[in-house]
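Have a look at the structure below before the remarks.
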Amino acid sequence: MIFDACALVFGPDEEGRGYGLICARSGIVVEVVVMQVAGWHVEVEFDEDETHTRAAALLRLRDDTELRGKGHATRNPADPDERRIGEELAGGRALMDIAQQLADKGNAEAKTLR
């Protein structure tokens, strides 16, 4: 079927439906369901000295849950003083901590739906 003189109607409308495609010539109306996009806000802060980097990460979820993760890195005294690398290691470890908590939370919530 060929659609002719169609208009895309942006939504969602008053009833919460998605976008619609209306074709004048054929009189066909098609509703296109659009998934909601979810976003999360993550903050990572660092505390550093000459050899240690500590990271604290915070993830805020749509259900107002806050997950907090911690990470740590220690510089080998023989290595150059590149704080960026310590931040990446400690930050990555803090985010892995949150990732595990998030997976545990999702698994627990999925079990309650059965």
Side-chain angles (χ1 to χ4, degrees):
M1 178 180 299
I2 297 174
F3 294 113
D4 198 12
C6 295
L8 182 61
V9 179
F10 293 95
D13 61 14
E14 302 83 32
E15 297 173 12
R17 293 182 299 200
Y19 298 92
L21 183 65
I22 301 171
C23 298
R25 179 192 249 185
S26 62
I28 295 174
V29 176
V30 178
E31 182 180 348
V32 180
V33 178
V34 179
M35 293 180 61
Q36 264 188 323
V37 177
W40 293 340
H41 181 78
V42 179
E43 295 176 21
V44 183
E45 295 181 353
F46 301 98
D47 179 37
E48 300 171 283
D49 60 30
E50 293 75 28
T51 57
H52 298 92
T53 303
R54 288 164 293 285
L58 169 65
L59 169 64
R60 290 187 184 96
L61 302 176
R62 291 188 329 166
D63 66 359
D64 293 328
T65 299
E66 291 185 350
L67 300 178
R68 297 174 187 274
K70 293 181 180 180
H72 182 263
T74 303
R75 181 177 64 85
N76 183 325
D79 290 342
D81 189 9
E82 277 294 330
R83 292 185 180 221
R84 173 185 52 85
I85 295 171
E87 289 174 358
E88 291 169 356
L89 291 169
R93 291 169 181 157
L95 293 173
M96 286 191 298
D97 185 7
I98 286 178
Q100 185 60 58
Q101 293 176 50
L102 188 59
D104 292 345
K105 180 181 185 303
N107 284 327
E109 289 177 355
K111 287 179 183 176
T112 66
L113 298 176
R114 294 183 186 155

When rounded to the nearest 0.5 angstrom, what distance separates [atom1] in [X] from [atom2] in [Y]?
| X | Y | atom1 | atom2 | answer |
| --- | --- | --- | --- | --- |
| T74 | D49 | OG1 | CG | 9.0 Å |
| E43 | R68 | CD | CZ | 9.0 Å |
| E48 | R84 | CD | CZ | 12.0 Å |
| K105 | Q100 | NZ | CD | 14.5 Å |
| T112 | N107 | OG1 | CG | 11.0 Å |
| R60 | T65 | CZ | OG1 | 12.0 Å |

### Task
Write down the atom of A90, the atom of R54, and the distance for their closest heavy-atom approach.
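Heavy atoms of A90 and R54 come nearest at CB-C, 4.4 Å.
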### Task
Taking all non-hydrogen atoms of both residues into account, name the closest pair between A73 and G86 and its distance.
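Scanning both residues, the minimum pair turns out to be CB-O, 3.8 Å.
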### Task
Kindly indicate whether the side chain of H72, heavy atoms from C-beta on, has any atom under 4.5 Å from the side chain of H52.
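Of all side-chain heavy-atom pairs linking H52 with H72, at least one is under 4.5 Å.
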### Query
Got E109 and D63 here, is their nearest side-chain heavy-atom distance under 4.5 Å?
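Yes - at least one pair of side-chain heavy atoms lies under 4.5 Å apart.
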ILVMFWY cluster, [X] and [Y] together (side-chain gap under 4.5 Å):
| X | Y | answer |
| --- | --- | --- |
| V42 | F46 | yes |
| L61 | I98 | yes |
| L89 | V44 | no |
| L102 | L58 | no |

#### Entry: N/O donor-acceptor pair under 3.5 Å between E87 side chain and T53 backbone
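No, because the side chain of E87 does not come within donor-acceptor range (under 3.5 Å) of the backbone of T53.
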### Message
When you measure from the side chain of D97 to the backbone of K70, do you find a donor-acceptor pair of N or O atoms at a distance under 3.5 Å?
### Response
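Side chain of D97 to backbone of K70: a pair is present.
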### Query
Looking at R75 and E50, does any basic side-chain N land under 4.0 Å from a carboxylate oxygen?
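So R75 does not pair with E50 through a salt bridge.
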